[in-house]
Amino acid sequence: MTLEFLGAAGTVTGSKTLIRYKDYKILVDCGLFQGFKNLRQLNWAPFPFNPAEIDAVILTHAHLDHSGALPLLVRQGFSGTIFASEATVDVVAVLLKDSAKLQEEEAEYANRHHTSKHSPAQPLYNSQDVEETMGLFETIPFDQDEGLLPDVSIRLQHAGHILGAASVRVKLGDPNKPDHCREILFSGDLGRPDAPIMMDPAPVGKPDYVVMESTYGNRTHKNEDPTSELAAIINETAGLGGAVLIPSFALGRAQVLLLAIAQMKADKIIGDVPVFLDSPMAINMTELYERHHKDHRFSRQEIAKAFDVAYSVKTVEESKALNALRYPRVIISASGMATGGRVLHHLRTLVSDHRNAVVFAGFQAAGTRGARMLSGEPTVRIFGQDLQIKARLYNLEGYSAHADADQLLTWLGGANTQPRRVFLNHGEPQAADILRQRVERELGLECQVPLLGEKVSLD
Ligand SMILES: [Zn+2]
């Protein structure tokens, strides 16, 4: 019985862990490497195993750093089953299609402008690959044991984080010989307890081994409710007659913002400012939060009513028409770090007027337009034009979908029996190592931060 850490080791992207048991090969997650170029180049390297020999894939959740390499796996010969929750399959269908479209557009751009060393430049994968990938999914319910292969069963449990997200319990061994059975719990990405929409991560139970994420292994979230800050920004901006523009991730963050604004309006903390949700993908995802209401805290009616706070802007014409409005308004639009999407043309219209506010609603990765704006640069370049930044800029960090270090430790410390060993993945080296020290010192558990490609044997 071995585990191989083939992604999200020493970094937060490219999640891929291979379980070898008997003759079986089971892959947990198959994500894209994202961010810096040297990481992204890893996506072009062949898999360190033969995809045709993988028996099954288990997908914890839909984010592309966990799912985005599945079409590559299929393209290179995988034809087994991909197991995931029902909501994850619905969400990942949208994300993978979008991912293929982006890859195709990038390749086309490179060919038109001769910016690639390869001629012709190829997309990493295309829409056809995604279609084939979607055909291999099998949905499984939460909180139920599912046989995967002889002597291998799995069970999904809620992880919080985003719609459909699961931690996965993998049970290996003959159930008639319990002493020889082993259980490995993969946390997946863990949400924070008391998150506004998603449920708390389910308890650890008593696994023999735990593979836990460590994104915020060296950080503690501020104990402030970002909602009161957002209310103050909306009120001040409305008083000036300006617009509040919120660049937002389409999945998860946009829905939390809508809920927060709906509650502020109901509590009359803010006035009756019109709100626009201007992102086709966010509108799509919002519908999925309604359809899969059993996977979060609200009933279908409650969540639909909250999301009704915003007008859904569907067409490009409607989106552009928002720029002509002269009254106070809130616009939620993607992408979350202002690297692309409809938010750009709103930014171009709004950023040079002091009456407006631009509110980033989460972590801005180094090198993105959002990070540069928040670093205090006086201008921002949009569609080849340098624009003076006169709007007020804010960064609300309190909406993170990840548990912080204390919350990760509390979750792990709730195990009913001491796991034999804990592996920390999905973290930058420093975050993972600081968390490792705390797991050893505060919980008294054996803990390891595997390197990329490292293989460990389990007794
Ligand atoms: Zn995630």
Side-chain angles (χ1 to χ4, degrees), residues 8 12-13 15 60-63 65-66 85 87-88 91 142 156-168 185-205 210-230 246 248-261 263 285 289 292-298 303 306 336 359-365 395-415 422 424-428 431-432 434-435 438-439 442-443:
V12 292
T13 64
S15 281
T60 60
H61 68 289
H63 276 149
D65 63 314
H66 293 256
S85 74
T88 290
V91 176
F142 278 96
L156 302 184
Q157 61 181 49
H158 287 288
H161 190 52
I162 58 156
L163 190 67
S167 301
V168 184
L185 176 62
F186 293 84
S187 73
D189 285 4
L190 282 176
R192 50 207 294 185
D194 302 322
I197 298 182
M198 299 313 300
M199 292 184 244
D200 290 0
V204 174
V210 180
V211 179
M212 184 173 80
E213 67 124 321
S214 56
T215 315
Y216 284 122
N218 57 350
R219 281 177 57 177
T220 308
H221 296 319
K222 273 187 276 174
N223 212 358
E224 284 164 16
D225 179 8
T227 304
S228 53
E229 196 183 345
L230 182 58
I246 313 182
S248 168
F249 306 115
L251 166 61
R253 194 63 41 85
Q255 290 74 30
V256 167
L257 288 164
L258 290 177
L259 180 72
I261 293 171
Q263 279 168 349
M285 293 301 175
Y289 271 77
H292 296 286
H293 60 90
K294 291 206 173 87
D295 290 343
H296 57 67
R297 297 182 191 278
F298 295 92
I303 202 80
V359 183
F360 291 96
F363 175 73
Q364 303 292 307
N395 191 16
L396 299 183
E397 284 198 44
Y399 287 118
S400 172
H402 281 274
D404 68 12
D406 291 346
Q407 292 161 342
L408 289 170
L409 281 176
T410 304
W411 181 77
L412 183 61
V422 176
L424 299 180
N425 68 354
H426 204 287
E428 297 299 339
I434 286 177
L435 188 64
R438 291 189 64 187
V439 169
E442 295 174 33
L443 302 179

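Just so you know, these numbers come straight off a predicted model, no measurement behind them. For reference, positions follow the sequence shown, starting with 1.
Here the straight-line distance linking atom OG1 of Thr215 with atom CG of Leu190 works out to 9.0 Å at 0.5 Å rounding. One distance of note links CG of Asp189 with NE2 of His63; it measures 7.5 Å at 0.5 Å rounding. The distance from atom CD1 of Ile246 to atom CD1 of Ile261, rounded to the nearest 0.5 Å, is 4.5 Å.
Evaluation of the side chain to side chain donor-acceptor pair (under 3.5 Å) rule for Glu397 yields Arg219 as partners, not counting sequence neighbours. Scanning for side chain to side chain contact (heavy atoms under 4.5 Å, CB included) contacts around Met285 gives Val91, Val94, Leu95, Leu251, Gln255, Met281, Leu288, with sequence neighbours left out. Legend: residues meeting salt bridge (charged side-chain N to carboxylate O under 4.0 Å, His left out) with Glu442, ordered by chain and number and at least two apart, are Arg438. With sequence neighbours left out, the side chain to side chain donor-acceptor pair (under 3.5 Å) criterion links Ser85 to Thr88. For the ring pair (Phe, Tyr, Trp, His ring centres under 6.0 Å) test, residues two or more places apart in sequence or in another chain that qualify with His221 are Tyr216. Taking the side chain to side chain contact (heavy atoms under 4.5 Å, CB included) definition, one finds that Gln263 meets it with Leu259, sequence neighbours left out. Partners of Ala202 under the side chain to side chain contact (heavy atoms under 4.5 Å, CB included) rule, at least two apart in sequence or in another chain, are Gln157. Under the ring pair (Phe, Tyr, Trp, His ring centres under 6.0 Å) criterion, His158 pairs with Phe142, not counting sequence neighbours. A search for side chain to side chain donor-acceptor pair (under 3.5 Å) contacts involving Asp295 returns nothing, not counting sequence neighbours. Scored by the side chain to side chain donor-acceptor pair (under 3.5 Å) test, His292 finds Asp90 as partners (sequence neighbours excluded). In this structure, the side chain to side chain contact (heavy atoms under 4.5 Å, CB included) partners of Ala8, at least two apart in sequence or on a different chain, are Ser15, His426.
When all heavy atoms are compared, the tightest approach of Ala432 to Leu424 is O-CD1, 3.4 Å. Smallest separation of non-hydrogen atoms from Leu163 and Tyr289: N-OH, 3.4 Å. The heavy-atom pair separating Gly164 from Ala87 by the smallest distance is CA-CB, 3.7 Å. The nearest pair of heavy atoms linking Gln407 to Pro193 is CD-CD, 3.7 Å. Across all their heavy atoms, Ser187 and Ala159 have their closest contact at O-CB, 4.0 Å. Taking both residues in full, the closest heavy atoms of Gly362 and Asn395 are given as O-OD1, 3.3 Å, listed atom of the first, atom of the second, then distance.
When side chains are defined from C-beta on, Leu408 does not count as touching Val439, because their heavy atoms never get closer than 4.5 Å. Counting heavy atoms from C-beta outward, His402 and His161 have side chains that approach closer than 4.5 Å. Side-chain contact between Ile162 and Met198 is absent, with no heavy-atom pair separated by less than 4.5 Å.
Side-chain atoms of Asp200 do not come within 3.5 Å of backbone N or O of Gly160 as any donor-acceptor pair. For the pair His61 (side chain) and Ala166 (backbone), a donor-acceptor distance under 3.5 Å is absent. Ser248 places no side-chain N or O within donor-acceptor distance of the main-chain N or O of Gly336, the cut-off being under 3.5 Å. Glu213 contributes no side-chain N or O that, together with a main-chain N or O of Phe186, makes up a donor-acceptor pair within less than 3.5 Å.
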Checklist line | Intermediate values then yes/no, side chain to side chain contact (heavy atoms under 4.5 Å, CB included), Asp65 and Val12 | finding: CA-CA 8 Å; Asp65 63 314; Val12 292; 5.6 Å; no
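Using a 30° and 60° split on the angle between ring planes, His296 and His293 fall in the perpendicular class, above 60°.
For residues 248-257, the set of pairs meeting the salt bridge (Lys or Arg N to Asp or Glu O under 4.0 Å) definition, not counting sequence neighbours, is empty.
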